[in-house]
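Written below as structure tokens is the structure these notes are about.
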Amino acid sequence: MGQMGHTNSLVSFLRHYGPIPAGDNMYDELIQAEIERYEIDPPIRIPPAHFDDLLENFEGPVPRNVVLTGTAGDGKTYHCRNVWEHFGGAPDNWREGKKIVSLQLPVSQRVLTIVKDLSELTLEEKDVVLAGLARAVAGSDGNAVYLVAANDGQLLSSWRDWAEQQGCDARRIYGIVEDMLIEERTRDEALHLDLYNLSRLDASEHFDRLVEQVVEHPLWSRCEGCELLRSDGTTTCPIRINRERLRGSADGSTFRQRLRDLIRLSRANRMQLPIRDLLLLCVNILLGDGSPQRILLTCRTARSRAENRAYALTNPYANVLGGNLPERQRRQYQVFTTLEAFGIGRETDNKVDNLLIYGAHRGSELYQEVVASDIYYGKQAYERALDNYLEGERRDGREFVRTLARQRQRLFFSLPARHGLDPWRLTVYQASGMFLEFVDALASGRVLPEIAEQLVLGLNRTFCGMMIDDGTVLYLTSSGGDGRGRISSLLNHKLPTRTHRRDPYLRFVLAPDFRGPSLEVVDPIGGGDEVLGSLILQLTHFEYLVRVAGGSLPASFSRQCYEDFLDFKLRMIKRLNAAVMAEQAAGSVAVLHALTVDGKGRLQSEPIRIGVGR
């Protein structure tokens with residue numbers, strides 16, 4: 001950097017991906033303008049997930065209509081613009097701000113109408129579009145084909161309101177579209193329509209590609225000549241330091257892996273992060289600045305932070321959680337509220353806290369490796385507050401608590417697995433590591449018996465309300481009423497957890513399009529496996545069962561999980577009862593078992609015979 005101050009236009013460009021105000025409908029257009037302004041080559045982009053499907057469809061002799069749904073930032077406009085340009089639409093015409101554009105497809109000669117965002121249309125414009133779309137999907141208009149972008153709720157509400165004013169045929173078409181969206185079906189043979197829900201894509205699959213494009217972008221070479229960049233490649237620039245952490249140097253590989261895991265786990269808890277949010281997260285990690293006057297670093301403010309060694313303001317591990325933003329502003333962004341739900345930094349572990357508080361004074365080698373060695377965000381960032389705390393200074397205890405929470409966050413994202421300290425103990429979902437291990441095993445066709453037994457044990461204790469110590473068989477019990485009693489000691493059905501030739505059994509499988517485990521009750525009758533019922537285990541369900549199996553009840557989310565499991569139990573009892581009654585002869589005797597548990601957690605049962613009437 002010369003005396004005038006060196007700047008890198010890539011940094012200025014990346015700021016537009018960060019948490020700055022921007023209208024959702026203008027986001028794609030804004031970014032395209034900034035790419036040209038800052039001469040960003042190559043542009044940062046992820047290939048549209050369904051682009052090839054769209055091209056194959058619209059290049060065919062009889063193209064189908066397409067509706068793209070999903071939440072803001074999932075890439076709906078991005079898909080539409082790429083289709084427009086592929087078929088010869090002029091980029092300048094796209095940027096004119098028109099809500100609806102049209103062109104003629106080369107093979108079918110049909111007119112393709114592209115609706116950039118259904119929510120941006122007036123009521124009259126929606127009526128016109130939906131009328132044309134309804135005719136096209138019903139096959140009554142052979143000259144028109146549509147590509148429409150809309151979020152889920154807007155699509156259903158607009159189409160429902162329009163259909164209710166039309167005849168029965170319009171309401172029938174709406175009902176099919178609603179079923180497709182709810183049942184996550186791309187196609188229904190009754191309609192000439194493909195429906196792609198972009199929110200169903202696995203964000204973790206895109207995350208690494210986004211990070212690579214950002215941290216390995218060739219325009220980082222524009223930093224050459226900056227006085228903060230030394231000849232040996234080291235730097236005191238917080239932007240470059242954070243880039244090294246994220247790209248894989250130092251603890252960066254662990255950092256990236258933990259971020260990928262959090263994204264996977266969020267999806268397993270039904271919290272999908274769109275691509276826009278992943279870009280925002282990546283940029284905030286690099287450029288986040290905790291000064292009250294700023295949100296994101298510029299090259300100028302980065303120099304100031306380096307000169308004053310104010311790295312506490314540029315902490316990338318706090319930036320992951322939006323720590324550089326005021327709380328009210330942070331809550332406007334889904335990515336930060338989603339990651340904040342893990343409680344990273346708020347949750348504690350005695351081993352980690354003992355390391356952070358007493359490790360230096362005890363001469364711990366581990367402390368030197370994972371705390372003192374980080375000269376920017378480790379020991380130097382909190383040693384003064386720690387020394388004051390250990391010397392009895394309590395006047396600014398809140399500052400010590402804040403700095404300790406920051407260190408927990410840093411260790412969560414940087415602690416190598418080899419030290420035997422479980423980073424997931426620093427989160428609300430302490431069984432997350434076990435969840436990921438179980439899911440990965442299911443994906444490869446294996447079931448880890450030790451984890452499966454813990455889950456079944458948690459189910460048994462939930463179903464029966466007793467401290468059963470058996471995780472090899474699932475007991476479906478009731479209390480003589482509807483089965484919702486806290487103590488349910490009447491055994492209705494017993495399901496082994498291994499494949500059975502004749503009787504129903506319980507198994508774990510990977511839920512389709514979910515990346516999580518699913519409980520299935522299977523009846524092998526007739527030589528085939530009929531699934532009588534299933535329950536997808538979200539991360540919260542998994543955590544609940546593991547904790548219950550360990551002897552504790554997580555009150556923070558116990559009620560909803562408890563109700564979900566009871567509903568599953570009652571559905572299975574009803575299905576199995578129906579199967580048994582169909583096979584049981586009239587006048588025979590049914591046998592129930594009253595269950596008790598001895599002092600060692602072993603189940604004891606006493607038979608109760610009940611006559612079955614004619």
Side-chain angles (χ1 to χ4, degrees), residues 49 70-71 74 182-185 197-208 257-274 277-278 334-335 338-339 341-343 422-424 427-459 462 471 474 497 506-522 529 531-549 554 556-558 560-569 571-572:
T71 58
D74 279 328
I182 292 173
E183 297 169 11
E184 302 178 13
R185 289 187 288 116
N197 189 339
L198 302 186
S199 292
R200 301 302 178 193
L201 302 177
D202 187 354
S204 64
E205 295 179 358
H206 300 303
F207 180 70
D208 258 335
Q257 182 60 53
R258 296 279 149 74
L259 287 168
R260 281 195 299 270
D261 289 344
L262 286 173
I263 294 168
R264 287 180 62 193
L265 292 166
S266 297
R267 185 169 187 250
N269 236 11
R270 300 294 193 185
M271 297 298 293
Q272 178 72 17
L273 294 176
D277 278 30
L278 297 184
Q334 179 184 344
V335 65
T338 296
L339 296 180
F342 285 86
D422 183 1
W424 298 106
T427 73
V428 171
Y429 299 104
Q430 297 179 5
S432 293
M434 188 185 301
F435 180 93
L436 293 170
E437 183 183 4
F438 194 57
V439 168
D440 289 342
L442 290 175
S444 64
R446 298 179 298 115
V447 176
L448 301 179
E450 63 277 10
I451 296 179
E453 286 190 17
Q454 284 196 60
L455 298 175
V456 175
L457 177 59
L459 282 170
T462 300
L474 180 65
T497 56
L506 180 76
R507 71 182 179 189
F508 292 93
V509 297
L510 189 66
D513 194 33
F514 181 67
R515 307 299 185 209
S518 177
L519 280 169
E520 288 188 350
V521 175
V522 179
D529 283 347
V531 177
L532 300 181
S534 64
L535 175 67
I536 293 175
L537 294 182
Q538 298 178 33
L539 176 61
T540 306
H541 293 134
F542 191 95
E543 180 74 24
Y544 173 94
L545 292 178
V546 170
R547 291 204 191 188
V548 170
S556 59
F557 46 76
S558 63
Q560 185 58 53
C561 289
Y562 180 74
E563 291 297 330
D564 290 345
F565 289 129
L566 284 192
D567 287 341
F568 172 71
K569 180 182 76 169
R571 282 192 290 117
M572 293 304 94

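We count residues from 1, following the sequence as given. Keep in mind the model is a prediction, meaning the values are calculated, not measured.
Take Phe565 and apply the ring-ring contact (aromatic ring centres under 6.0 Å, His included) test, not counting sequence neighbours, and it matches His541, Tyr544. Legend: residues meeting salt bridge (Lys or Arg N to Asp or Glu O under 4.0 Å) with Glu183, ordered by chain and number and at least two apart, are Arg185.
Atoms CG and OG1, on Asn269 and Thr540 in that order, are 3.5 Å from each other to the nearest 0.5 Å. Here the straight-line distance linking atom CG of Leu259 with atom CG of Asp208 works out to 9.5 Å at 0.5 Å rounding. Note that CD of Gln272 and CG of Asp277 are 10.0 Å apart. Values are rounded to the nearest 0.5 Å.
Listed for the Gln538 side chain is no donor-acceptor partner under 3.5 Å among the backbone atoms of Gly516. Here the side chain of Asp422 pairs a donor or acceptor atom with the backbone of Trp424 at under 3.5 angstrom. Not one N or O on the side chain of Glu520 forms a donor-acceptor pair closer than 3.5 Å with the backbone of Arg507. Using a distance-only test at 3.5 Å, with no hydrogens or angles considered, no donor-acceptor pair links the side chain of Asp529 to the main chain of Val522.
Looking at heavy atoms from C-beta onward, Leu448 lies out of side-chain contact with Phe508 at the 4.5 angstrom threshold. Counting only heavy atoms from C-beta outward, the side chains of Phe207 and Leu262 never approach each other to under 4.5 Å. Using a 4.5 Å heavy-atom cutoff, the side chains of Met434 and Phe542 are in contact. Contact check for Val439 versus Leu510: side-chain heavy atoms found under the 4.5 Å cut-off. Between Leu273 and Gln334 the shortest side-chain heavy-atom distance falls below 4.5 Å. No side-chain heavy atom of Leu519 sits under 4.5 Å from any side-chain heavy atom of Leu474.
Taking the six-membered ring for Trp, Tyr429 and Phe435 have ring centres at least 6.0 Å apart.
Applying the side chain to side chain donor-acceptor pair (under 3.5 Å) test to residues at least two apart or on different chains, the pairs with a partner in residues 435-447 are Arg264-Asp440, Ser444-Arg446.
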